[in-house]
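Scroll down for the structure; my scribbles are underneath it.
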Amino acid sequence: MGRHGWNSGERRWRLTALLGVAVAALALVVTLISTLPGNGASIRGTTRDGDKVHGTPATPPEVTKPDVGWGFTHTQYSADQGSDAATERVEGLLSGAGLPQNQAIMGWGADNPEPVEGRYDFAAMDRRIDFVRKTGGTPVVTLCCAPDWMKGGKAGADDTDWSRTALETAPKPDHFKDYAALAATVARRYPDVRHFIVWNEFKGFWNDSQARWDYEGYTELYNLVYKALKQVNPKNMVGGPYLVTDSVDPRQKENASTALRGPWGAMDKRIIDAFTYWNTHKAGADFVVVDGSSYTNDDELLPNEFAATDKFTAVGAWVRRQTHGLPLWWAEYYVEPADGNDERRGWSEDRRVAVQAAGMIALAEGGASSGFYWNPEDEKGTDCPGCLWTPTDTAEGGRALPMYGLVSRFSKEFPPGTAYRTVTVAPDDVPNVRVLATDKVVLVVNTLGRTISAQVDGKRFDMKAYEVKWLPR
């Protein structure tokens with residue numbers, strides 16, 4: 001079965017074995033009727049009962065909190081499919097870890113949820129939610145993207161346009177209410193999902209004529225979705241705006257903020273304008289969501305890959321001030337620039353994990369209580385830079401990789417509500433290490449590509465190049 005990310009031209013069908021000529025003929029008749037020219041778009045594989053509760057929902061906590069901690073986002077390929085041995089290995093890996101797991105409703109492994117108005121196809125989404133339930137994770141749903149008929153495209157079970165341009169198109173304003181209704185349908189179908197992110201990175205909300213974000217349009221959509229989700233269940237937690245916190249070279253003048261800047265760069269002031277409008281005009285929010293990278297729009301890591309992560313701290317602190325302390329989520333965060341194919345293969349895994357650890361420390365220091373690692377599982381193979389586990393296409397797959405060790409341990413040691421403590425670091429070591437501590441543990445990162453001897457929290461120890469070390473207290 002194929003899986004949809006940005007690009008896919010295949011529909012996913014699983015035809016039931018036919019039990020005889022009569023059944024085969026009946027199936028053919030149904031198919032023909034559903035695709036007759038006068039009957040409109042194809043509805044094959046869809047149902048009307050989109051809001052029917054799926055499967056066996058997990059029992060949510062009696063009190064739903066607005067933050068969920070540190071976890072990951074499922075992307076086009078994940079462990080809900082593959083070799084039984086490999087998928088079971090990942091299930092065992094995640095069981096008991098309690099990691100929050102985020103899934104979009106369309107794209108990134110999920111099919112078009114409503115190919116025709118009032119006709120639903122949640123098969124792929126059901127499978128992802130089942131995986132989250134089976135592994136004991138906290139489910140989070142990102143309400144993106146939109147069915148084609150809501151954005152000027154063609155309706156039909158066989159006619160979804162999976163090109164990047166199409167997927168990144170926002171619903172048209174006259175379909176905002178339809179999208180809010182779809183969000184409510186999702187909430188009713190998965191009643192154990194209590195945390196919803198509205199849309200993704202303002203996709204499709206760019207105003208070409210004014211060269212700025214269409215924050216009015218996004219906020220209108222957000223408010224309708226927010227109200228629809230609260231009507232389904234007042235306990236549903238809703239957040240936005242999921243803006244990309246773009247930054248530019250600190251020497252740049254055009255579109256550069258004078259208020260939010262540092263050695264890492266200057267925030268794009270058009271982002272600040274968009275955030276400010278949403279924050280002022282939102283119907284409500286239980287948490288606030290942003291994403292971004294430590295590098296500039298020109299892929300510069302300033303002044304270096306570790307110091308560039310200070311951007312996360314500065315942006316987080318600014319967002320918290322603007323929202324008067326709303327819980328802060330980072331839906332995505334990146335520390336390694338991608339190449340022309342949107343792949344990140346330029347660093348060793350030790351370096352990648354070390355910079356990622358420094359980035360997560362910076363997120364926490366900026367006030368974030370939740371964050372989602374964008375898990376780039378490959379479809380197949382053994383080389384999977386930055387992945388949490390090896391691809392699940394073979395029986396040998398599904399094995400934990402170093403990044404999983406970091407993300408899962410960080411989630412365990414620094415849950416929402418953690419009280420962070422200061423620790424002493426020898427003056428000579430301050431430029432070389434990054435630290436984050438509680439009363440029970442200290443996370444230490446060697447930022448150098450060589451062995452060092454460091455003194456942290458009164459203890460002296462050696463650290464290998466780019467080593468990430470956990471010290472008990």
Side-chain angles (χ1 to χ4, degrees), residues 6 73 75 144 164-165 167-170 199-215 217-218 240-279 288-319 322 328-347 351-352 355-356 358-360 362-363 366 368 371-374 376 385-386:
W6 287 119
T73 293
T75 52
C144 185
R164 181 167 185 160
T165 300
L167 196 61
E168 289 192 338
T169 299
W199 208 241
N200 174 306
E201 296 184 336
F202 266 46
K203 285 178 169 58
F205 285 100
W206 178 256
N207 186 320
D208 283 317
S209 63
Q210 299 185 35
R212 67 166 177 84
W213 293 105
D214 176 18
Y215 39 74
Y218 168 80
Y242 201 157
L243 269 167
V244 185
T245 55
D246 288 332
S247 54
V248 299
D249 188 289
R251 296 165 295 184
Q252 181 174 319
K253 301 298 183 182
E254 184 180 9
N255 297 320
S257 169
T258 57
L260 185 50
R261 60 192 300 121
W264 44 267
M267 183 64 64
D268 188 322
K269 64 181 182 181
R270 294 170 297 184
I271 297 295
I272 290 179
D273 292 343
F275 185 91
T276 300
Y277 183 91
W278 170 83
N279 192 38
V288 59
V289 188
V290 296
D291 86 350
S293 59
S294 57
Y295 42 88
T296 67
N297 287 354
D298 295 326
D299 290 346
E300 291 190 69
L301 290 158
L302 303 173
N304 58 59
E305 69 268 39
F306 286 95
T309 64
D310 291 340
K311 170 185 172 178
F312 294 143
T313 302
V315 171
W318 180 86
V319 169
Q322 307 311 306
L328 171 60
W329 292 25
W330 285 79
E332 303 172 44
Y333 49 92
Y334 301 96
V335 298
E336 180 182 5
D339 61 18
N341 296 319
D342 200 30
E343 294 182 346
R344 294 169 171 83
R345 296 178 175 270
W347 294 353
R351 182 183 180 189
R352 181 175 294 112
V355 184
Q356 176 73 17
M360 295 181 78
L363 295 174
F372 294 87
Y373 182 74
W374 190 266

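Heavy-atom basis, side chains included; hydrogens, waters and symmetry copies ignored.
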Min side-chain heavy-atom separation [X]-[Y] under 4.5 Å:
| X | Y | value |
| --- | --- | --- |
| Y333 | Q356 | yes |
| W330 | V315 | yes |
| P337 | L301 | yes |
| F202 | D214 | no |
| E332 | T73 | no |
| Y242 | W329 | no |
| K253 | N255 | no |
| V290 | L328 | yes |

ring-ring contact (aromatic ring centres under 6.0 Å, His included) contacts in which one or both residues fall within residues 249-275, not counting sequence neighbours: F275-W278, F275-W318
For Y373, ring pair (Phe, Tyr, Trp, His ring centres under 6.0 Å) partners two or more places apart: none
Looking at residues at least two apart in the chain, or sitting in another chain, which of them share a side-chain hydrogen bond (donor to acceptor under 3.5 Å, both in side chains) with N279? K282
Give the minimum heavy-atom separation between [X] and [Y], together with the two atoms involved.
| X | Y | result |
| --- | --- | --- |
| R261 | P250 | NH2-O, 2.6 Å |
| P241 | V288 | CD-CG2, 4.1 Å |
| T309 | A358 | OG1-O, 3.8 Å |

Working to the nearest 0.5 angstrom, can you tell me the gap between L363 CG and T313 OG1? 7.5 Å
Say whether, by atom type as modelled, one donor and one acceptor occur between the side chain of T169 and the main chain of T165 under 3.5 angstrom. yes
Does the S257 side chain pair with the main chain of A266, one donor and one acceptor, at a distance under 3.5 Å? no
Quick check on ring pair (Phe, Tyr, Trp, His ring centres under 6.0 Å): which of Y277, F205, W206 does W213 satisfy it with? W206
